[in-house]
Protein chains: 2
Amino acid sequence: MEQMHFLKDLFRKYRYIGLYGLSFAILVFLLKWLQWNFLIVDYSLDIYIGLIAVLFTVLGIWIAMQFAKGPKPVAVAQQKEDIAETKPDIDQAELEKLKLTPREYEVLLLMVKGHSNAEIAESLFLSLSTVKTHASNLFVKMDVASRTKAIEKAKRLRLTP
Amino acid sequence: MEQMHFLKDLFRKYRYIGLYGLSFAILVFLLKWLQWNFLIVDYSLDIYIGLIAVLFTVLGIWIAMQFAKGPKPVAVAQQKEDIAETKPDIDQAELEKLKLTPREYEVLLLMVKGHSNAEIAESLFLSLSTVKTHASNLFVKMDVASRTKAIEKAKRLRLTP
DNA sequence: CAGCCATTCATACTAAAGTATGAAACTGCC
DNA sequence: GGCAGTTTCATACTTTAGTATGAATGGCTG
């Protein structure tokens, strides 16, 4: 039981790294395939190189985007500052008054985008139960009675991009 | 004078694209250099490919980060103007596409304000049942599955003030 | 006037949201 | 190590939202 739980935790922690690893592996296969289908037919090496360059540039952008919107355990304060810099539309003062936890804020962001609890659970790799807990605590802190009111208030106080 | 200003604006707008182009050019030179210094010495092609992959992944991440840092002061000002211009009015065309009945639109307006079905019923002097009917028909016409998605779509398409 | 549409409401049902409570594990801090 | 706060999850429950179906009314129109 203990070990099962340990493995579960391990999986959760390194899920993203695993995903990137898998993606990388798939790319390598893709490259090998390209190598056989382009080089053998005696196409220019430059084209092959170019393809790789574009492919990996896209990969890099994708990775950066994943990290940008992904979990940031400690760097939430930094993230908030970044948002404050890039999206002047957010009322940082109002946001801090509410004392939302990073996770609660993430849930709020997806809520505002119109996602259901189930969808939020999938996006954040959480159980439905956990999302409900975050949502409920969120409503208390925001002093609202439902998600629609939370969305309205978030928009009105400019708490979200 | 006019033309100078125009060129200045042009430069400002496409400065980043220029920078990326320049970076890209430098990279291509770098690659050619690598090609001569590795391939000629008969190193494995795979190592060369690997280097390119890593290099362009990093390039991709860098590009993404540059964009993540966001549009600069001028762009932001422009963005604000756009918002100021476009926010107050309603996209009549999009609204008419949906063919909502007047009553359905009233319900939608209150929905966006965060009201529950019960509150809407009170506001419009209707039974809860009727509000539900309007809401349900509304969702079909808007092609959404829930009120939160309807709210998000209404905001996005600027169907409400 | 018959037909269409909008509006209203009811009933009955399913699905989702929201609340309450308890619990386990981790983090950062003194 | 103990403590406060965060995160995660479960279970059980109530409330609200949403769907389906049917039906009555009134306005408008060809």
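So that the names make sense, note that chain A is the first sequence line, chain B the second, and so on, each numbered from 1. Just so you know, these numbers use all the heavy atoms, side chains as well, and skip hydrogens, waters and symmetry mates. These numbers were taken from a predicted model, which means no experiment stands behind them.
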Go through the structure and list residues passing side chain to side chain donor-acceptor pair (under 3.5 Å) with [X], not counting sequence neighbours.
| X | value |
| --- | --- |
| B/T130 | B/S127 |
| A/S146 | A/T148 |
| A/T101 | A/E104 |
| B/S136 | none |

Distances for protein N or O near nucleotides 5-9 of chain C N or O, under 3.5 Å:
from, atom 1, to, atom 2, distance (Å)
C/dT7, OP1, B/R103, N, 3.3
C/dT7, OP2, B/T101, OG1, 2.5
C/dT8, OP1, B/R103, NE, 3.0
C/dT8, OP1, B/R103, NH2, 2.9
C/dT8, OP2, B/R103, NE, 3.0
C/dT8, OP2, B/H134, NE2, 3.0
C/dC9, OP2, B/S127, N, 2.8
C/dC9, OP2, B/T130, OG1, 3.1

Quiz: residues 113-122 of chain A side-chain donor-acceptor pairs under 3.5 angstrom, not counting sequence neighbours:
from, atom 1, to, atom 2, distance (Å)
A/H115, ND1, A/L110, O, 3.1
A/S116, OG, A/E119, N, 3.2
A/N117, OD1, A/R147, NH2, 2.2
A/E119, OE1, A/S116, N, 2.9
A/E119, OE1, B/K149, NZ, 2.7
A/E119, OE2, B/K149, NZ, 3.1

Considering the terminal five base pairs at each end of the helix from C/dC1-D/dG30 to C/dC30-D/dG1, what angle separates the two local helix axes, rounded to 10°? 40°
Is there a side-chain polar atom (N or O) of A/S136 under 4.0 Å from OP1 or OP2 of C/dG18? no
Any protein N or O atoms within reach of nucleotides 27-30 of chain D? Criterion: under 3.5 Å, listing atom names and distances.
none

Mind checking side chain to side chain contact (heavy atoms under 4.5 Å, CB included) for B/A154 and listing every partner two or more places apart, or none if nothing turns up? B/L108, B/V112, B/M142, B/L159, B/T160
Test of understanding: with side chain to side chain contact (heavy atoms under 4.5 Å, CB included), list the residues that count as partners of B/Q92, not counting sequence neighbours. B/I90, B/L95, B/E96
DNA chain D-proximal residues of residues 143-150 of chain B, any heavy atom under 4.0 Å: B/S146, B/R147
Summary of salt bridge (charged side-chain N to carboxylate O under 4.0 Å, His left out) pairs that have at least one residue in residues 127-140 of chain B, sequence neighbours excluded: none
